[in-house]
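Proteins get letters first, then strands, A, B, ... in listed order; numbering begins at 1 in each.
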There are 2 protein chains.
Amino acid sequence: MTPMKEDYLKIIFELGGSHKKVSNKDISLGLGIAAGSVTEMVSKLADEQLVVHEPYAGISLTPKGEKYAAELVRKHRLWETFLVDKLHYNFADVHQEAEVLEHQTSDRLATALDNFLQHPKACPHGGVIPSASGEFPEVSRVLLADAKDGEKVTLERFLDNHELLTYLEELQLRPGDEVTVVRHEPFEGPLVIKKAGADQPINVSYKASHNIFIRADK
Amino acid sequence: MTPMKEDYLKIIFELGGSHKKVSNKDISLGLGIAAGSVTEMVSKLADEQLVVHEPYAGISLTPKGEKYAAELVRKHRLWETFLVDKLHYNFADVHQEAEVLEHQTSDRLATALDNFLQHPKACPHGGVIPSASGEFPEVSRVLLADAKDGEKVTLERFLDNHELLTYLEELQLRPGDEVTVVRHEPFEGPLVIKKAGADQPINVSYKASHNIFIRADK
DNA sequence: CAAAAAAATTAGGTTAGCCAAAGATCACAT
DNA sequence: ATGTGATCTTTGGCTAACCTAATTTTTTTG
């Protein structure tokens, strides 16, 4: 298995290849690689039973490919956790470092890291860390944008995007924070929220509010 | 700069390329790569001003190449320290992990690791960790292969290669051992040596004898 | 429903790095 | 001082991934 093959598996996974067929084009755009090269690589992955490729129809992961991808996500998120918790990186900067480290991480190293970090359940931006066997629980797909005014919710997960994370860092918002939704400004205006215990309200941009997943508080 | 180029720089550095000319053959044996491939890669490194190559005479590092190599050694040894001190790896197993991680370690990450480890001076095997600016101490760069028959020497340092270390462990050779060179068998045959106080001679493979550094006994 | 557009595949070519084997050079021992 | 073995370079060929361009298939649209 090469780092490039791993990148293909990961992007197919992220595009939803575990439950549906993913297009050549989306892989090509996601990796920045020419469509012809994608076809070529996909057929190699198919030879290795990691994906199923129906020509002109799409590409999906086999259970084996899905497990492999989940392990990569696990390694990625363990490194992110390490960088933030132990090396005091700020959480917007960890993605790039983890992106390269994940490919060089043996299962043994991942296990040792997991122990060292005391079995974290989620990475710094809230992504659930799959188990060593490649299982991962269901995650919330409810957007902050869809919360009702007055509702009290917990921020669960942010999309892994550097710009977004930098923005949220500035707003001092983190996964796990409890917030109350004050109101939705009209015309794609910001969402006004209040952190539990804080006096000042916070304006979260319309776009960001569509990139944050929440869990409703009991 | 690719991982392979980095490996070439590192082995040239370890073979003493900062102060003398290193042979194609020693690089070839150290990396397990055919001599012809070494010539090819060395000429690329020479184009990048990282080494000086005098055909048929030898290869040495430029100041630029030396600094680069020292930074790699630094990253390698920081990872080894981390693996042993924080993840509780045992000595024998850290080489492989560090070997791959070092190539994916940004300067920023190295600095953060160094802080986290509280500025260790040496790796778990006693190798001094170069400073961030690429300074490093003197060590022996005389090969066991170059010892004369009848000479009595002390084994000082083994190249950081898991297969080699496993092999030497089987032969019960360790750094610090005093040995007498009995003879060099022809046609790349083994080097026959005797440990101080032992009766049985030991055959050290031709290849291994090019991966062991010695200090002449006074 | 046929033509145009979009998407996917195939074909031919490039580069990095590897190898084996042939040929060139060096160095030591007679 | 020369021949032989050791070392080094050169040559030709391989594979993994990449690219662009041409072709084929599918989808959209007039």
Side-chain angles (χ1 to χ4, degrees), chain A residues 1-12 15-17 20-48 50-60 99-100 103-104, chain B residues 1-12 15-17 20-48 50-60 99-100 103-104 143-149 183-191 205-207 209-211:
Chain A
M1 182 64 49
T2 68
M4 279 320 300
K5 285 184 181 174
E6 293 184 345
D7 281 344
Y8 278 87
L9 286 182
K10 236 183 45 162
I11 194 96
I12 295 167
L15 290 169
K20 64 175 194 199
K21 291 190 189 101
V22 165
S23 72
N24 179 310
K25 178 130 231 221
D26 286 341
I27 298 171
S28 167
L29 290 173
L31 293 177
I33 283 171
S37 308
V38 171
T39 301
E40 182 179 285
M41 181 64 93
V42 161
S43 83
K44 284 180 197 165
L45 293 173
D47 290 346
E48 296 175 51
L50 291 163
V51 304
V52 175
H53 181 204
E54 289 182 52
Y56 295 102
I59 298 119
S60 57
E99 195 68 19
V100 297
H103 299 297
Q104 311 298 154
Chain B
M1 180 66 46
T2 68
M4 280 320 300
K5 285 183 180 175
E6 293 185 345
D7 281 344
Y8 277 87
L9 285 182
K10 234 182 49 163
I11 193 95
I12 295 167
L15 290 168
K20 68 173 193 200
K21 292 187 187 101
V22 164
S23 73
N24 178 310
K25 178 131 239 215
D26 286 340
I27 298 170
S28 165
L29 291 172
L31 292 177
I33 283 173
S37 307
V38 171
T39 301
E40 181 179 285
M41 181 64 93
V42 161
S43 83
K44 283 179 196 165
L45 293 173
D47 290 346
E48 297 177 49
L50 291 164
V51 305
V52 175
H53 181 205
E54 289 182 53
Y56 292 104
I59 298 116
S60 58
E99 196 68 22
V100 297
H103 299 297
Q104 314 295 155
L143 291 174
L144 175 60
D146 296 331
K148 304 271 185 297
D149 288 356
R183 68 178 176 280
H184 294 67
E185 302 271 7
F187 293 104
E188 305 199 355
L191 189 72
S205 84
Y206 179 82
K207 184 176 170 183
S209 71
H210 281 81
N211 286 261

Novice: To the nearest angstrom, how far is A:M4 atom CE from C:dA16 atom P?
Specialist: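 Atom CE in A:M4 sits about 17 Å away from atom P in C:dA16.
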Novice: For A:D26 and C:dA6, give me the distance from atom CG to atom P, rounded to whole Å.
Specialist: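 Those two atoms, CG and P, are 16 Å apart.
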Novice: Whole angstroms only, please: what is the CD-P distance between A:E40 and C:dG12?
Specialist: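 One finds 14 Å between P of C:dG12 and CD of A:E40, rounded.
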Novice: Within the structure provided, determine whether A:V38 and A:L31 are in side-chain contact (heavy-atom separation under 4.5 Å).
Specialist: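 With C-beta onward as the side chain, the pair stays apart.
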Novice: Measure from CG on A:L29 to P on C:dA6 and round the result to the nearest Å.
Specialist: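 Rounding to the nearest Å, CG of A:L29 and P of C:dA6 are 14 Å apart.
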Novice: What side-chain donor-acceptor pairs closer than 3.5 Å can you find for residues 51-58 of chain B, not counting sequence neighbours?
Specialist:
residue : atom : partner : partner atom : Å
B:E54   : OE2  : B:K21   : NZ           : 3.3

Novice: So does B:K5 get a side-chain nitrogen or oxygen closer than 4.0 Å to the phosphate oxygens (OP1/OP2) of C:dA16?
Specialist: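 For B:K5, the contact criterion (side-chain N or O under 4.0 Å from OP1 or OP2 of C:dA16) is not met.
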Novice: Using a 4.0 Å heavy-atom cut-off, does B:T2 contact any base of the nucleic acid, only the sugar-phosphate backbone, or nothing at all?
Specialist: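 Result for B:T2 = sugar-phosphate.
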Novice: Which residues pass the side chain to side chain contact (heavy atoms under 4.5 Å, CB included) test with B:K25, not counting sequence neighbours?
Specialist: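 B:K25 satisfies side chain to side chain contact (heavy atoms under 4.5 Å, CB included) with B:S23, B:L29, B:E188, B:Y206 only.
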Novice: Quick one: label B:G32 by what it contacts on the DNA or RNA (base, sugar-phosphate, nothing), any heavy atom closer than 4.0 Å.
Specialist: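 The residue B:G32 makes sugar-phosphate contact but no base contact.
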Novice: Quick check for you: name the first and last nucleotides of DNA chain D, 5' to 3', having an atom under 4.0 Å from a heavy atom of chain A.
Specialist: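 Terminal contacting nucleotides, 5' to 3': D:dA16 to D:dT26.
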Novice: Answer yes or no: is there a donor N or O on one side and an acceptor on the other, between the side chain of B:H184 and the main chain of B:D149, under 3.5 Å?
Specialist: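 Not at all, since once roles are kept as given, no pair shorter than 3.5 Å links the two residues.
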Novice: Taking CG from B:L9 and C1' from C:dG17, how many angstroms apart are they, rounded to a whole number?
Specialist: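 About 15 Å, once rounded to whole Å.
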Novice: Just how far, in rounded Å, is P of C:dC19 from CD1 of B:I27?
Specialist: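 Result: 14 Å.
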Novice: How close do A:Q104 and A:V100 get, heavy atom to heavy atom, and via which atoms?
Specialist: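 That would be CG-O, 3.9 Å.
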Novice: Using a cut-off of strictly less than 4.0 Å, decide whether B:Y8 has a side-chain nitrogen or oxygen near OP1 or OP2 of C:dA16.
Specialist: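 No.
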Novice: Name the pairs: protein N/O against N/O of nucleotides 20-26 of chain C, kept only if under 3.5 Å.
Specialist:
none

Novice: Got a sec, which pairs hit salt bridge (charged side-chain N to carboxylate O under 4.0 Å, His left out) with one end in residues 27-47 of chain B, sequence neighbours left out?
Specialist: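 For residues 27-47 of chain B: none.
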Novice: In whole Å, I'd like the distance from the CG atom of A:N24 to the C1' atom of C:dT10.
Specialist: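 Interatomic distance, CG of A:N24 to C1' of C:dT10: 13 Å.
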Novice: Of all the heavy-atom pairs spanning B:S28 and B:I33, show the shortest one and how long it is.
Specialist: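 That would be OG-O, 2.6 Å.
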Novice: Output the rounded distance in Å from CE (A:M41) to P (C:dA8).
Specialist: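 Rounded to the whole Å, the gap is 17 Å.
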Novice: Check whether any side-chain heavy atom of A:I27 sits under 4.5 Å from a side-chain heavy atom of A:M41, and report yes or no.
Specialist: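 No, their side chains stay 4.5 Å or more apart.
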Novice: Restricting to pairs with a member in residues 1-12 of chain A, which pass salt bridge (charged side-chain N to carboxylate O under 4.0 Å, His left out), not counting sequence neighbours?
Specialist: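 Salt bridge (charged side-chain N to carboxylate O under 4.0 Å, His left out) check on residues 1-12 of chain A returns A:K5-A:E48, A:K10-A:E99, A:K10-A:E102.
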